[in-house]
K.L.:
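Sharing a structure below in structure tokens format, with a few things to ask.
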Amino acid sequence: MEEDKLGVAIVGCGTIFENHIKAVIENDEAKLLYLVDIVEEKVKKLASQYNCYYSTNIDDILYDDSIDVVHILTPHYLHYEMAKKVLLASKHVVLEKPAAINVEDVQDLKQLSLKMNKQIAVVFQNRYNPSLVEAKSIIESKRLGSVIGIRAFITWKRDEEYYNQDVWRGKWKTEGGGLLINQSIHTLDLMRWFGGRIDKIKGHVDTRLLDDVIEVEDTAEATMKFKNGAIGLFYGSNNYVDNSPVEMEIVCEKGKLLLRDGALWLQDDENIQKVVSDDKIHGYKSYWGNGHKIFIDKVYNKLIEDKPVEIDIDTGLKALEIVQGIYISSEQNDYYKMKY
């Protein structure tokens, strides 16, 4: 291996693997060394395809000094223990969302990363979609004044066939939730990114069409009160017949920003104009976005420069607290006071 390249291992070769492997092998600053998955036939074949080593156990790679960063793409309930092992082995972590299935574990990972002087980048790749980057820039410029309201809608399709593909899905113990922690966490992260810190949140979760298939929710809604006084409204469901693009409206004092159909629109004094469209890249699901490559490239650059990654474990902590806050609020039928 070239001395100055990052040695990379990927743990978990499931649904999101293709997004990560493509970004890794196309990065000139990285060298793929290991693939890890519990299904030996699958991981052996992939390792041959990508000309790297393989293992069926994460423990086999922990003390290989040639590995600098480990991508963890495993089921939710494994994130905490695996990330902890990697940190204790003095390696950086690229961690798919959610960072864990409860806030306390994410806090523990945050403290451990500081102690070991290793970084955790949590994958919220949609932040790098051109439409969202431009929306954030306009908000920060105060061109439209302060944000006074945000509403977001996500209506996707996750049916019985989807949940039957993986035994860990649809269960509180292994997935940590349903729609909110898996599909909607990206959108909830964006609402906080655009609106700032949330003071309190009140929401409700329900299982409408999949109650005989899963333990967790397939539908959720929430009202947020931001620290700056702005109001947020969220609605999401996995019960639709299609995976529609996420829709978001950001109301500011002097106009609106509309995110829909993969583009950013600006509405000002009854005039509306398209500001920017997201690039469409073949092979990526449009409702996911195509930001994995940009995300991974930026993370690697920061690690090489020994600088803090932009989307870190603290980002993962704040996003997960919104999810957990809605669950607690729904159970208690009361507002949840946010801590982070």
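Only a predicted model underlies this, so the values are computations on that prediction, with no experimental measurement involved.
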K.L.:
Apply the test side chain to side chain contact (heavy atoms under 4.5 Å, CB included) to residues Leu73 and Val11: give CA-CA distance (whole Å), side-chain angles for both, the deciding distance (0.1 Å), then the verdict.
P.N.:
CA-CA 6 Å; Leu73 320 181; Val11 181; over 6 Å; no
K.L.:
Out of Tyr50, Tyr54, Tyr53, which residue meets the ring pair (Phe, Tyr, Trp, His ring centres under 6.0 Å) rule with Tyr34?
P.N.:
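Checked Tyr50, Tyr54, Tyr53 against Tyr34; only one passes ring pair (Phe, Tyr, Trp, His ring centres under 6.0 Å): Tyr53.
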K.L.:
Using the rule side-chain contact (heavy atoms from CB on, under 4.5 Å), only one of Leu78, Ile120, Val94, Val86 pairs with Ile72; which is it?
P.N.:
Val86
K.L.:
Is there a continuous path of hydrophobic side-chain contacts, each under 4.5 Å between heavy atoms, that joins Val70 to Ile38?
P.N.:
no
K.L.:
Under the side-chain contact (heavy atoms from CB on, under 4.5 Å) test against Leu180, which residue among Leu320, Val205, Val216, Thr187 passes?
P.N.:
Val205
K.L.:
Can a donor-acceptor pair be found between the side chains of Asp268 and Asn271 at a distance below 3.5 Å?
P.N.:
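No, no side-chain donor-acceptor contact under 3.5 Å.
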K.L.:
Determine, step by step, whether Glu140 and Lys136 satisfy the salt bridge (Lys or Arg N to Asp or Glu O under 4.0 Å) criterion, reporting the C-alpha distance in whole Å, the side-chain angles of both residues, the deciding distance to 0.1 Å, and the verdict.
P.N.:
CA-CA 6 Å; Glu140 290 187 335; Lys136 179 67 171 177; 3.6 Å; yes
K.L.:
Do other residues, nucleotides or ligands put more than 12 heavy atoms under 6.0 Å from the CD atom of Glu331?
P.N.:
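At most 12 heavy atoms, drawn from other residues, nucleotides or ligands, come within 6.0 Å of this atom.
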K.L.:
A quick test of your reading: do over 12 heavy atoms of other residues, nucleotides or ligands sit less than 6.0 Å from CD of Glu26?
P.N.:
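Count over threshold, so yes.
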K.L.:
Do Met338 and Ile201 touch side chain to side chain, with heavy atoms closer than 4.5 Å?
P.N.:
yes
K.L.:
Can Arg158 and Asn182 be counted as having a side-chain donor-acceptor contact under 3.5 angstrom?
P.N.:
no
K.L.:
Around Gln49, counting heavy atoms of other residues, nucleotides and ligands shown, do more than 12 lie under 6.0 Å from its CD?
P.N.:
yes
K.L.:
Would you mind checking if Lys110 and Asp314 are paired as a salt bridge, meaning a charged N to carboxylate O distance below 4.0 Å?
P.N.:
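Yes, Asp314 and Lys110 are salt-bridged.
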K.L.:
Do Tyr300 and Val24 have side-chain heavy atoms sitting under 4.5 Å apart?
P.N.:
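A side-chain contact exists here, since the closest heavy-atom pair is under 4.5 Å.
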K.L.:
Quick test of your reading of the model: are Asp59 and Lys85 salt-bridged, counting only N-O distances below 4.0 Å?
P.N.:
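Yes, this pair counts.
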K.L.:
Looking at Asp28, I'd like to know if its CG atom is crowded, meaning that more than 12 non-hydrogen atoms belonging to other residues, nucleotides or ligands lie closer than 6.0 Å.
P.N.:
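No, CG of Asp28 has 12 or fewer neighbouring heavy atoms, counting only those of other groups under 6.0 Å.
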K.L.:
Side chain to side chain contact (heavy atoms under 4.5 Å, CB included), that's the test. Do Phe295 and Arg127 meet it? Break it down for me.
P.N.:
CA-CA 9 Å; Phe295 176 91; Arg127 285 195 183 194; over 6 Å; no
K.L.:
Cluster question for you: counting only ILVMFWY and a side-chain heavy-atom cut-off of under 4.5 Å, with indirect links fine, are Tyr128 and Val276 together?
P.N.:
yes
K.L.:
Do Tyr327 and Trp172 make the cut of ring centroids closer than 6.0 angstrom?
P.N.:
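Ring centroids of Tyr327 and Trp172 are less than 6.0 Å from each other.
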K.L.:
Are His292 and Glu96 close enough that a side-chain donor and a side-chain acceptor fall under 3.5 Å?
P.N.:
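Their side chains do contain a donor-acceptor pair, which is all the 3.5 Å distance test asks for.
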K.L.:
Pick out which of Arg192, Lys227, Lys225, Lys339 makes a salt bridge (Lys or Arg N to Asp or Glu O under 4.0 Å) with Asp199.
P.N.:
Lys227
K.L.:
Does Gln119 reach the side chain of Asp312, with side-chain heavy atoms less than 4.5 Å apart?
P.N.:
no
K.L.:
A side-chain contact here means heavy atoms from C-beta on lying under 4.5 Å apart; do Lys84 and Leu109 qualify?
P.N.:
yes
K.L.:
Just checking, any donor-acceptor pair under 3.5 angstrom between side chains of Tyr340 and Gln107?
P.N.:
yes
K.L.:
If only side-chain N and O atoms count, and only distance matters, is there a donor-acceptor pair under 3.5 Å linking Asp218 with Asn238?
P.N.:
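No, Asp218 and Asn238 have no side-chain donor paired with an acceptor closer than 3.5 Å.
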K.L.:
Any side-chain donor paired with an acceptor under 3.5 Å for Thr219 and Asn239?
P.N.:
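There is such a pair (donor and acceptor under 3.5 Å, judged by atom type) between the side chains of Thr219 and Asn239.
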K.L.:
Salt bridge or not for Lys171 and Glu215, using N-O below 4.0 Å?
P.N.:
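No salt bridge links Lys171 with Glu215.
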K.L.:
Within a radius of less than 6.0 Å around CG of Asn51, do more than 12 heavy atoms belonging to other residues, nucleotides or ligands occur?
P.N.:
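No, CG of Asn51 has 12 or fewer neighbouring heavy atoms, counting only those of other groups under 6.0 Å.
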K.L.:
Do Ser55 and Asn57 have a side chain donor and acceptor closer than 3.5 Å?
P.N.:
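There is no such pair (donor and acceptor under 3.5 Å, judged by atom type) between the side chains of Ser55 and Asn57.
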K.L.:
Please examine the side chains of Leu317 and Val106, heavy atoms only from C-beta on, and report whether any two atoms are closer than 4.5 Å.
P.N.:
yes
K.L.:
Answer yes or no: are there more than 12 heavy-atom neighbours, outside Glu305 itself, under 6.0 Å from its atom CD?
P.N.:
yes
